[in-house]
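Heads up, the thing below is written out as structure tokens.
As the structure is a computational prediction, the values presented were derived from the model and not from experiment.
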2 protein chains.
Amino acid sequence: MSHRGPVHRRSTPLEEEDPRVVRTRQAVREAVRSLVQRAGFEAVSHQKVAAEAGIGRATVYRHWPKRTDLLLDAIAEIEAPRDWQTSGDLATDLARGLERLQRTLSSSPLVPELVALIGRAEWDAELRETKAALLAAGTAGLRQALEAAIERRELPADHDLDTTIARLAGPLFYRRVLAHAPLDDAFVTTIITAYIHEVSHQD
Amino acid sequence: MSHRGPVHRRSTPLEEEDPRVVRTRQAVREAVRSLVQRAGFEAVSHQKVAAEAGIGRATVYRHWPKRTDLLLDAIAEIEAPRDWQTSGDLATDLARGLERLQRTLSSSPLVPELVALIGRAEWDAELRETKAALLAAGTAGLRQALEAAIERRELPADHDLDTTIARLAGPLFYRRVLAHAPLDDAFVTTIITAYIHEVSHQD
DNA sequence: GTACTTTGATACAGTATGTTTCGCAAGTCC
DNA sequence: GGACTTGCGAAACATACTGTATCAAAGTAC
């Protein structure tokens, strides 16, 4: 997977380094994004992408034989935070995690499209993996915050992380995607406050 | 909107009662459902529907000029509960509302498709209305439960219903659609218990 | 039976899909 | 630079889908 250095033989073309290929990939990726934002994933076809990118139709088919290939390529941007570390306080950590999710959900115009894709994952195994990966990346902050709290014995060791994440992140998705209401800070604060209150006042 | 009785004149064809039309509607509706469940909304086209329903292609175009019309028609099943009435206890009412939602989400194989549709609502005004209607119907029970509690002064008059509904229903949607985890009773109970505890132990 | 409507078969032009072919431009190797 | 290799894009192609129009046959109402 790493760089192979100046000495290499054409007989192992595993890595794409031909500048022409790089250019093509770049152009197509941008064309797909542009199309998606203007008209949705449904509007993405090999033909339209080729026209938008100003390249040949055959070239698009060569690199992305299936339509799904085009879509997945345009999504490969969302990543889990790599620099995460606990502040030592669950409330603070959760706030950070949820605010990150809030920002992602609020800012990206692709969110509704991702949801549409996710719905379609039912019929496409490849999409199912992508869905899981995206979700894991989006909620990684929350998961790490909770894990750190368990480590500190602030939460019981058998605390169900998935349940908690669903309860914390679910309302945000609901608001953004279904209710189409603004994801304001007050809303996020309400959720965190209630949860913290719940785990610190167990009776 | 009501039945007009045996006496009627052909000059006011506002109501469709021609048995041929009724048959067509029925056949198409079933064909769309069948197609959706087998291959998703994306697989629904006038052509495929006509073939599936065993009727002429032109007929499908006549009644459902746009593809969206076909899709919307297949969804017109989900309805808000008409017989709702409070039990006098918020916890019980909420449990009823959430369990209804749980049942709907768990049982209907159309749920992922609905979500896909919802995502697409960003680009279609008509779909946006449908989305809002579906959501309102699905969460009507919760809303009525909360309104009854306000009426009884169990909740403050300025309690934000939309926020609460998002916090109650959001986790269910998250689990079902995004995390693809089972919507078991324990999960639903956890959500309700936490919320009841929260509103009854205000400090 | 008569008047009216819906239906489905057929045909049509326009467009999209997916594949193949081939000359050319671009990149690589030495 | 020169020979070799590869990706590119234009074109052509068969096939399929879309949306509309026409029309005879069948169904419906009275």
The single option from B:L161, B:T164, B:D93, B:L94 that satisfies side chain to side chain contact (heavy atoms under 4.5 Å, CB included) with B:L142 is B:L94
List the residues meeting ring pair (Phe, Tyr, Trp, His ring centres under 6.0 Å) with B:F41, not counting sequence neighbours, and say none if there are none. none
Pairs flagged by salt bridge (charged side-chain N to carboxylate O under 4.0 Å, His left out) wherever residues 135-149 of chain A is involved - sequence neighbours left out: A:R143-A:D162
Look only at the side chain of A:R167 and the backbone of B:I191, and say whether a donor-acceptor pair between them is shorter than 3.5 Å. no
With B:Y195 via ring pair (Phe, Tyr, Trp, His ring centres under 6.0 Å) - residues at least two apart: none
Could you tell me which residues satisfy side chain to side chain contact (heavy atoms under 4.5 Å, CB included) with A:A50, sequence neighbours excluded, listed by chain and number? A:R57, A:V60
In whole Å, I'd like the distance from the CH2 atom of B:W64 to the C1' atom of D:dT20. 18 Å
Run the side chain to side chain contact (heavy atoms under 4.5 Å, CB included) test against A:S45 and tell me which residues pass, sequence neighbours left out. A:Q47, A:K48
Quick one: is B:T59 getting a side-chain N or O under 4.0 Å of the C:dT6 phosphate, OP1 or OP2? no
Can you tell me if A:R23 touches the phosphate of C:dG27, counting only side-chain N or O atoms and a distance under 4.0 Å to OP1 or OP2? yes
Return no unless some side-chain N or O of A:H63 is found under 4.0 Å from OP1 or OP2 of D:dG7. no
How bent is the helix from C:dG1-D:dC30 to C:dC30-D:dG1, measuring the angle between the end axes built from five pairs each, rounded to 10°? 40°
Does a distance-only test, which skips hydrogens and angles, find a donor-acceptor pair under 3.5 Å between the side chain of A:R62 and the base of D:dG9? yes
Side-chain donor-acceptor distances from residues 175-187 of chain A under 3.5 Å, at least two apart:
unit_1 : atom_1 : unit_2 : atom_2 : d
A:R175 : NH1    : A:P182 : O      : 3.3
A:R175 : NH2    : B:T163 : OG1    : 3.2
A:R176 : NE     : A:L105 : O      : 2.5
A:R176 : NH2    : A:L105 : O      : 3.4
A:R176 : NH2    : A:S108 : O      : 3.3
A:H180 : NE2    : B:E122 : OE1    : 3.1
A:D184 : OD1    : A:A186 : N      : 3.4
A:D184 : OD1    : A:F187 : N      : 3.0
A:D185 : OD1    : A:Q102 : NE2    : 3.1

Side-chain N or O of B:T24 closer than 4.0 Å to phosphate OP1/OP2 of C:dT7: yes
Which residues satisfy the side chain to side chain contact (heavy atoms under 4.5 Å, CB included) test with A:R153, sequence neighbours excluded? none
Hey, does the side-chain of B:R20 have a donor or acceptor N/O within less than 3.5 Å of a partner on the base of D:dG27? yes
Mind listing the N/O atom pairs, protein and nucleotides 15-19 of chain C, below 3.5 Å?
unit_1 : atom_1 : unit_2 : atom_2 : d
C:dA16 : OP2    : A:Q47  : NE2    : 3.2
C:dA16 : O5'    : A:Q47  : NE2    : 3.4
C:dG18 : OP2    : A:Y61  : OH     : 3.3
C:dG18 : N7     : A:R57  : NH1    : 3.0
C:dG18 : O6     : A:R57  : NH2    : 2.8

Spacing of B:D18 atom CG relative to D:dC30 atom P, expressed in whole Å: 11 Å
